[in-house]
Student: 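I'd like to ask some things about the structure below.
Values reported hereafter were calculated over all heavy atoms of this structure, with side chains retained and with hydrogens, waters and symmetry mates removed.
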Amino acid sequence: MRSHTARFTALVGIALASMLVAVAMIGDTTSAQTVPPPAPSGALQRTIAVSGTGTATLAPDIASFSAGVTETSANVVDAQNSVNTKTNAIIEALRQGGVNVDKDVKTTGYSVQPQYNYPQNGAPVLTGYRVMNSVNVTVRDIAKVGQLLDAVTKAGANQVGGVSFGLADPEAASRVAREQAVQNARDKADTLAKATGVSVGIVMTIDDQSTTPPPPRPVAAAPAANTANSAAAPPPIQTGETTVTVTVRVTYAIA
């Protein structure tokens with residue numbers, strides 16, 4: 001009887017041990033299946049890198065010029081009064097010409113300089129004073145530039161120049177040029193891909209390499225008339241065109 005009991009106990013122990021081994025093997029298999037396979041090392045993303053250029057050529061829609069008065073007198077007050085009177089006349093002429101003088105006329109310089117005579121022997125001798133006042137004018141109706149130059153000259157300006165033309169919203173021109181630059185880059189990428197038997201994939205990087213739109217383009221101004229009563233016709237002004245160029249660099253994946 002005892003031998004049968006011992007034999008039964010041994011068989012039960014062997015069965016339990018076998019079950020534990022099986023469970024352990026199942027656990028090892030499950031954990032091994034949940035670990036993702038390692039990513040391949042040294043893999044490189046194949047790409048196509050190109051640059052594209054776009055330009056937008058537009059007619060200028062804004063202009064600017066400078067107008068000033070310089071007077072010399074033995075008495076500083078006389079020189080200042082003369083300059084002030086003529087400067088006020090210039091501003092009024094601009095107002096009558098349609099310029100918003102509160103917004104588009106800005107003083108850019110005012111100076112009072114004593115004038116001396118330097119004899120060969122002896123100390124310098126004060127001979128008078130030179131007074132200068134100048135303003136910068138922004139013209140939003142560029143068809144009136146020539147008329148306004150003539151008007152300020154007749155009002156007393158004896159220093160007129162710095163005429164330049166530009167764009168009131170240069171960024172609008174840049175947007176047009178930038179779209180062209182991106183399309184130009186894509187065309188280049190398509191050409192390279194076709195020549196090498198691959199396909200263009202998604203955009204990886206875009207680098208805008210453009211610079212700030214150019215400042216207003218200066219042109220020569222007509223010299224100021226010698227007298228305020230000049231009957232000369234307004235100077236002819238040619239605005240030309242303004243060109244904005246944008247360059248981008250784009251990297252595409254090879255599909």
Student: May I have the step-by-step check of side-chain contact (heavy atoms from CB on, under 4.5 Å) for V139 and L148, ending in yes or no?
Tutor: CA-CA 9 Å; V139 184; L148 292 172; 3.8 Å; yes
Student: What's the shortest heavy-atom distance between P60 and I142, and which atoms?
Tutor: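 Scanning both residues completely, I find the closest heavy atoms to be O-CD1, 3.0 Å.
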Student: What about Y118 and L126, same hydrophobic cluster or not, with Ile/Leu/Val/Met/Phe/Trp/Tyr joined at side-chain heavy-atom distances under 4.5 Å?
Tutor: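 Yes, Y118 connects to L126 through the hydrophobic network.
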Student: Minimum heavy-atom separation for V131 and V76, please, with both atom names.
Tutor: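 Of all heavy-atom pairs spanning V131 and V76, the closest is CG2-O, 4.5 Å.
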Student: Shortest non-hydrogen contact from N184 to S51?
Tutor: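 Residues N184 and S51, closest heavy atoms: OD1-O, 4.1 Å.
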Student: To the nearest 0.5 Å, how far apart are OG1 in T127 and CZ in R130?
Tutor: 9.5 Å
Student: When you check the side-chain N and O atoms of Q80 and N84, is any donor under 3.5 Å from an acceptor?
Tutor: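 Looking only at side-chain atoms, N84 and Q80 do not form any donor-acceptor pair under 3.5 Å.
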Student: Taking the side chain from D61 and the backbone from A168, do they hold a donor-acceptor pair closer than 3.5 Å?
Tutor: yes
Student: Would M132 end up clustered with V160 when hydrophobic side chains under 4.5 Å apart are linked, directly or stepwise?
Tutor: no
Student: Tell me if a side-chain donor or acceptor on N158 pairs with a main-chain N or O of T70 at a distance below 3.5 Å.
Tutor: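 Yes, the answer is positive, given that a donor and an acceptor are paired below the 3.5 Å cut-off.
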Student: Salt bridge (Lys or Arg N to Asp or Glu O under 4.0 Å) with K86: which residues, sequence neighbours excluded?
Tutor: E71
Student: Would you mind checking if D190 and K194 are paired as a salt bridge, meaning a charged N to carboxylate O distance below 4.0 Å?
Tutor: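 Salt bridge flag = no for D190 with K194.
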Student: Is there a path of hydrophobic side-chain contacts, each under 4.5 Å between heavy atoms, that joins M204 and L192?
Tutor: no
Student: Shortest non-hydrogen contact from A63 to V145?
Tutor: CB-CG2, 3.7 Å
Student: In Å, rounded to the nearest 0.5 Å, how long is the span from CG of N133 to CD1 of I90?
Tutor: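 One finds 8.0 Å between CG of N133 and CD1 of I90.
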Student: Output the distance between atom OG1 (T242) and atom CG (L167), rounded to the nearest 0.5 Å.
Tutor: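 CG of L167 is found 5.0 Å from OG1 of T242.
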Student: Would T243 and T57 count as having a side-chain donor-acceptor pair, cut-off 3.5 Å?
Tutor: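 T57 and T243 do have a side-chain donor-acceptor pair below 3.5 Å.
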Student: Is there a side-chain contact (heavy atoms from CB on, under 4.5 Å) between T108 and V135? Walk through the geometry before answering.
Tutor: CA-CA 5 Å; T108 54; V135 297; 5.5 Å; no
Student: Look at the side chain of T107 and the backbone N and O of G109, then say whether any donor-acceptor pair between them is shorter than 3.5 Å.
Tutor: no
Student: Specify the closest pair of heavy atoms between V246 and S174, including all atoms of both residues, with the distance to one decimal.
Tutor: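 In terms of heavy atoms, the two residues are closest at CG2-O, 3.8 Å.
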Student: If only side-chain N and O atoms count, and only distance matters, is there a donor-acceptor pair under 3.5 Å linking T47 with T251?
Tutor: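 Short answer, no.
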Student: Kindly compute the distance separating NZ (K144) from CG (L149), expressed to the nearest 0.5 Å.
Tutor: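 K144 NZ to L149 CG: 13.5 Å, rounded to 0.5 Å.
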Student: Is it possible for you to say whether V182 and V50 belong to one hydrophobic cluster, with membership spreading through side-chain heavy-atom contacts below 4.5 Å?
Tutor: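 Yes.
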Student: Do we see a donor-acceptor contact under 3.5 Å between the side chains of Q183 and E179?
Tutor: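 No donor-acceptor contact under 3.5 Å links the two side chains.
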Student: Would you check, one step at a time, whether the test side-chain hydrogen bond (donor to acceptor under 3.5 Å, both in side chains) holds for S164 with S64?
Tutor: CA-CA 5 Å; S164 61; S64 66; 2.9 Å; yes
Student: Could you tell me whether a side-chain N or O of S82 sits under 3.5 Å from a main-chain N or O of D78, the two making a donor and an acceptor?
Tutor: no
Student: Got a second to check how far T191's OG1 is from R186's CZ, nearest 0.5 Å?
Tutor: 10.5 Å
Student: When you group the ILVMFWY residues by side-chain heavy-atom contacts below 4.5 Å and let the links chain together, are V77 and V112 in the same group?
Tutor: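 Shared cluster, yes.
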Student: Determine yes or no for a side-chain-to-main-chain donor-acceptor pair under 3.5 angstrom, with Q209 supplying the side chain and D207 the backbone.
Tutor: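 Side chain of Q209 to backbone of D207: no pair is present.
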Student: How about R140 and D104: do any of their side-chain heavy atoms sit closer than 4.5 Å?
Tutor: yes
Student: Could you list the residues that satisfy salt bridge (Lys or Arg N to Asp or Glu O under 4.0 Å) with R249, not counting sequence neighbours?
Tutor: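 Result, salt bridge (Lys or Arg N to Asp or Glu O under 4.0 Å) vs R249: none returned.
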Student: Does the structure place the NZ or CZ of R46 under 6.0 Å from the centre of the six-membered ring of Y252, at an angle of no more than 45° from the ring's axis?
Tutor: no
Student: Is any side-chain heavy atom of R175 closer than 4.5 Å to one of Q180?
Tutor: no
Student: Which atom names give the shortest non-hydrogen contact between Y129 and A79, and what distance separates them?
Tutor: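 That would be O-CB, 4.1 Å.
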Student: Could you state the interatomic distance from OG1 (T53) to NZ (K188), rounded to the nearest 0.5 Å?
Tutor: 5.5 Å
Student: Which residue, D141, V105, I91, V152, forms the side-chain contact (heavy atoms from CB on, under 4.5 Å) with V99?
Tutor: V105
